[in-house]
Amino acid sequence: MTGEFSGKRALVTGGSRGIGLAIAKRLYAAGAIVAVVSRQPVETAGIHSLAADVGSASGTAATVRLTNDLLGGLDILINNAGGSSAPFGGALALSDDDWRQALGLNLLSAVRLDRAFIPYMLNMGSGIIIHMSSIQRRLPRPESTLAYAAAKAALSTYSKGLSKEVGPKGIRVNSVAPGYVETSATARLVSRMATEDGTSEIAAREKLMDSIGGIPLGRPAKPEDVAELVAFLASDRARSIHGSEYLIDGGTVPTL
């Protein structure tokens, strides 16, 4: 499959680790010219690293400027940046700042970057945009990540609406909703839960799996599993797939 994305310019947000880095490596291995943006630079052979915080308007503007200077435009935009740093304790524990942080990183970063790069894609008559949502938009966890779940729900709705607008103009838009993926971020969440509950990380991990309804497949996904799905959706093999959201959760969501 080497060369599938030959000559294509791709930007992956939140690309310093976990799912984002796996996606960047997968696209690069198939011939894409790849830049990742994250708060901390990443050193990975062949992949360009941009340091910016896409959770803020100024960080997004810097990302657009650096990407255009480096790549001269964009063919594939993977809006992967996301996460939650909100405190435990449910809805009443969330301040306005917690909500602003969640919405800025998980929703507005994608909205701003899409708004910046879509005009270029419209001029080309082609482009790929993929939004990284979450199964929490369907199965929110109110005790810890309610704001995150709400932001991801908004992202999925926005993604669907955007697809209807730009699809007839040659830009394909899809979203991916991972479940429990074994990343450094989920490891930190497990550690936080263990500290809050006064239990072991093994117990906290089991609690986390139970809280999302279990994983019928019997294991969390790996970042590389998600990267394969994203690479497929970004490729010409998926040229008729548009305006859809794909779960990759090992069967956690119990409905179709």
Side-chain angles (χ1 to χ4, degrees), residues 2-83 100-101 103-132 155 158-159 162-163 165-167 169-176 185 223 226-227 230-231 233-236:
T2 300
E4 183 175 32
F5 296 109
S6 181
K8 297 294 186 181
R9 299 156 296 177
L11 176 67
V12 183
T13 68
S16 64
R17 60 175 68 88
I19 293 172
L21 184 56
I23 293 170
K25 289 180 176 179
R26 178 64 179 80
L27 296 178
Y28 174 73
I33 305 166
V34 181
V36 300
V37 59
S38 56
R39 293 173 185 173
Q40 299 298 325
V42 58
E43 295 183 7
T44 301
I47 295 175
H48 302 283
S49 178
L50 311 177
D53 178 8
V54 296
S56 67
S58 60
T60 302
T63 298
V64 173
R65 183 178 66 254
L66 291 169
T67 302
N68 285 330
D69 289 346
L70 178 65
L71 304 181
L74 205 60
D75 302 289
I76 301 170
L77 174 58
I78 312 295
N79 286 299
N80 170 73
R100 276 191 288 267
Q101 188 276 336
L103 291 168
L105 180 58
N106 295 286
L107 172 64
L108 293 179
S109 63
V111 171
R112 291 168 179 144
L113 286 171
D114 292 350
R115 192 167 58 209
F117 288 115
I118 281 175
Y120 180 84
M121 293 179 176
L122 290 174
N123 286 335
M124 292 194 302
S126 65
I128 302 294
I129 297 174
I130 296 177
H131 299 116
M132 197 62 62
L155 178 65
Y158 158 73
S159 184
L162 181 66
S163 73
E165 179 179 350
V166 300
K169 302 170 185 177
I171 302 173
R172 284 199 300 112
V173 181
N174 289 293
S175 58
V176 172
V226 182
V230 170
L233 291 174
S235 74
D236 287 342

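Side chains are part of it too, since the values below use all heavy atoms of this structure and drop only hydrogens, waters and symmetry mates. Note that the structure is predicted; figures quoted are calculated from it, not measured.
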Measuring from atom CZ of F117 to atom OG1 of T63, what distance do you get when rounded to the nearest 0.5 angstrom?
7.5 Å
Do N79 and D114 come close enough that some side-chain heavy atom pair is under 4.5 Å?
yes
What are the two closest heavy atoms between A116 and V64, and how far apart are they?
CB-CG2, 3.4 Å
Contact summary for S109 and V54, nearest pair of heavy atoms
CB-O, 3.1 Å
Considering all heavy atoms of both residues, which atom of G59 and which atom of A52 are nearest to each other, and what is their separation?
O-CB, 3.7 Å
With rounding to the nearest 0.5 angstrom, report the CG to CD1 distance, L74 to I129.
9.0 Å
Let me confirm one number: the CZ-OG distance from R39 to S56, rounded to the nearest 0.5 Å.
8.5 Å
Between I76 and A234, which heavy-atom pair has the shortest distance, and what is it?
CG2-CB, 4.3 Å
With sequence neighbours left out, the residues meeting ring pair (Phe, Tyr, Trp, His ring centres under 6.0 Å) with Y158 are H131
Side chains of M121 and V166 in contact at under 4.5 Å (non-hydrogen atoms)
no
Rounded at 0.5 Å granularity, tell me how far OG1 in T13 sits from CG in L77.
7.0 Å
Begin with the C-alpha distance, continue with both residues' side-chain angles, and end with the deciding distance and a verdict on side-chain contact (heavy atoms from CB on, under 4.5 Å) for I33 and H48.
CA-CA 8 Å; I33 305 166; H48 302 283; 4.3 Å; yes
Below 4.5 Å, heavy atoms only, C-beta onward: do I130 and V176 meet side chain to side chain?
yes
Given side-chain contact (heavy atoms from CB on, under 4.5 Å), test V226 with M132 step by step and report yes or no.
CA-CA 10 Å; V226 182; M132 197 62 62; 4.3 Å; yes
All side chain to side chain donor-acceptor pair (under 3.5 Å) counterparts of R9, not counting sequence neighbours:
D75, Y120
Side-chain contact, heavy-atom cut-off 4.5 Å: V230 with V12?
no
Would you indicate whether D236, at its atom CG, is surrounded by more than 12 heavy atoms from other residues, nucleotides or ligands within a distance under 6.0 Å?
no
All heavy atoms of S175 vs all of S159, minimum pair found to be CB-OG, 3.9 Å
For the atom pair CG (L113) and OG1 (T60), what is the distance rounded to the nearest 0.5 Å?
5.0 Å
State, with a plain yes or no, whether a side-chain heavy atom of Y28 is found less than 4.5 Å away from one of T44.
no
If you look at every heavy atom in R172 and S235, which pair is closest and at what distance?
NH2-O, 3.0 Å
CD1 of I19 to CD1 of I78, rounded to nearest 0.5 Å, is 12.0 Å
With R65 via side chain to side chain donor-acceptor pair (under 3.5 Å) - residues at least two apart:
none
